[in-house]
Trainee: 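Supplied in structure tokens, the structure appears directly below.
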Amino acid sequence: MISSPSRHCTVELQALPERIGQVRRIVSAQLRHWHLEQLIESAVLGVSELLTNVYLHAEPDKRCTVDLEWALDRLTVSVRDRDARELAAPTRDPLGTHGRGLALIAALSQSWGVRGVADGGGKTVWFTLPAARTTPRPTRRPAHQAAVPLGPPSTGPANERPTAATLGAYPRPPLERHPAEAASR
């Protein structure tokens, strides 16, 4: 189930590898819809890490809920599972291939944490990212901007073509030649 009233999006899923990829695409699309493109990379990486933790560690099943909430200047991403066990402390093996997910969450986020579900039926791991909405680029030129004519040069002062000076452009710098080429001319 996917719900997305204005500034909230919820996805319920089984945290299986093929579903994790789908959730990454949903998160990316939702952030584009909210014009928060600058957060896509961090949010997708963070949600991937949290869903991978559910896949690897949660019991009795892999059912979970991903929530995105955009409030004021902050995006909160949370993953709730049904496993009431506390998070295990990460291993500190410098050559190990596991145990760095929460450190990555801490590094990419503004804040993060864990809270238990009230009925003891799981926990929620969350992180926040600073979220200032970007203004979408206009797809068409505003009506008040004049188009630059592309036709042949006109004759007469009434139909003069714009010049670099009238368009506010900088003149081109002179072409620089290699010293050996300049000496041969």
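Computed over heavy atoms, backbone and side chain alike; hydrogens, waters and symmetry mates excluded.
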Trainee: Look at atom CZ of Arg85 and say whether more than 12 heavy atoms of other residues, nucleotides or ligands are closer to it than 6.0 Å.
Mentor: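 Above 12, so yes.
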
Trainee: How many angstroms lie between CG in Leu129 and OG in Ser109, if you round to the nearest 0.5 Å?
Mentor: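 The distance works out to 6.5 Å.
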
Trainee: How about Thr128 and Thr76: does a side-chain donor come under 3.5 Å of a side-chain acceptor?
Mentor: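 No - no donor-acceptor pair under 3.5 Å links their side chains.
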
Trainee: Hydrophobic clusters here meaning ILVMFWY residues chained together by side-chain heavy-atom distances under 4.5 Å, can you tell me if Val11 and Val125 are in one?
Mentor: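 Yes, it is one cluster - the side chains of Val11 and Val125 are joined through contacts under 4.5 Å.
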
Trainee: Using 0.5 Å steps for rounding, measure from the CG atom of Leu102 to the CG atom of Asn53.
Mentor: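 Reported to 0.5 Å precision, the distance equals 5.5 Å.
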
Trainee: Decide yes or no for Phe127 and Ser111: does some side-chain heavy atom of the first lie under 4.5 Å from some side-chain heavy atom of the second?
Mentor: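 Contact flag for Phe127/Ser111 side chains = no.
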
Trainee: One pair to check against side chain to side chain contact (heavy atoms under 4.5 Å, CB included): Thr65 and Val79. What are the steps and the verdict?
Mentor: CA-CA 6 Å; Thr65 303; Val79 175; over 6 Å; no

Trainee: Do the side chains of Arg82 and Asp61 get close enough for a salt bridge, i.e. N-O under 4.0 angstrom?
Mentor: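 Asp61 and Arg82: salt-bridged.
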
Trainee: Do other residues, nucleotides or ligands put more than 12 heavy atoms under 6.0 Å from Glu18 CD?
Mentor: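 Above 12, so yes.
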
Trainee: Hydrophobic cluster membership, with links at side-chain heavy-atom distances under 4.5 Å among I/L/V/M/F/W/Y: are Leu50 and Trp126 in one?
Mentor: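 No, Leu50 does not connect to Trp126 through the hydrophobic network.
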
Trainee: Report, one line per pair, each donor and acceptor closer than 3.5 Å where one atom sits in a side chain of residues 19-29; sequence neighbours left out.
Mentor:
from, atom 1, to, atom 2, distance (Å)
Arg24, NH1, Ser48, OG, 3.4
Arg25, NH1, Gly21, O, 3.3
Ser28, OG, Arg32, NH1, 2.8
Ser28, OG, Arg32, NH2, 3.2

Trainee: Residues two or more places apart in sequence or in another chain: which of them pass salt bridge (Lys or Arg N to Asp or Glu O under 4.0 Å) with Asp73?
Mentor: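 Listed in chain order: nothing, the list is empty.
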
Trainee: Do the side chains of Lys123 and Asp81 get close enough for a salt bridge, i.e. N-O under 4.0 angstrom?
Mentor: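 Yes, Lys123 and Asp81 are salt-bridged.
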
Trainee: For a 4.5 angstrom cut-off between non-hydrogen side-chain atoms, does Val47 reach Val66?
Mentor: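 Yes, at least one pair of side-chain atoms sits under 4.5 Å.
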
Trainee: So, do Trp34 and Leu39 sit near enough that their side-chain heavy atoms are less than 4.5 Å apart?
Mentor: no

Trainee: Rounded to the nearest 0.5 Å, what's the gap from CD on Gln14 to CG on Leu51? Could you check?
Mentor: 11.5 Å

Trainee: Working to the nearest 0.5 Å, report the span between CG of Leu16 and SG of Cys64.
Mentor: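 Going from CG on Leu16 over to SG on Cys64, the span is 9.0 Å.
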
Trainee: Looking at Glu41, I'd like to know if its CD atom is crowded, meaning that more than 12 non-hydrogen atoms belonging to other residues, nucleotides or ligands lie closer than 6.0 Å.
Mentor: no

Trainee: Say whether Thr124 and Arg115, considering side chains only, have a donor N or O and an acceptor N or O under 3.5 Å apart.
Mentor: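 Side-chain D/A pair, Thr124 to Arg115: absent.
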
Trainee: Decide whether Val54 and Val44 are clustered together by the hydrophobic rule: side chain heavy atoms of Ile, Leu, Val, Met, Phe, Trp, Tyr closer than 4.5 Å, transitively.
Mentor: yes

Trainee: Contact between Leu75 and Glu69 at the side-chain level, heavy atoms closer than 4.5 Å - yes or no?
Mentor: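 With C-beta onward as the side chain, the pair stays apart.
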
Trainee: For the atom pair CG (Asp83) and NE2 (His57), what is the distance rounded to the nearest 0.5 Å?
Mentor: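 Atom-to-atom, Asp83:CG and His57:NE2 are 10.5 Å apart.
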
Trainee: Within this structure, what is the CD-CG distance for the pair Gln38 and Leu31, rounded to the nearest 0.5 Å?
Mentor: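 Rounded to the nearest 0.5 Å, the CD-CG separation comes out at 8.5 Å.
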
Trainee: Listed by chain and number, what are the side-chain contact (heavy atoms from CB on, under 4.5 Å) partners of Leu104, not counting sequence neighbours?
Mentor: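 Leu104 satisfies side-chain contact (heavy atoms from CB on, under 4.5 Å) with Leu45, Glu49, Leu108 once adjacent residues are dropped.
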
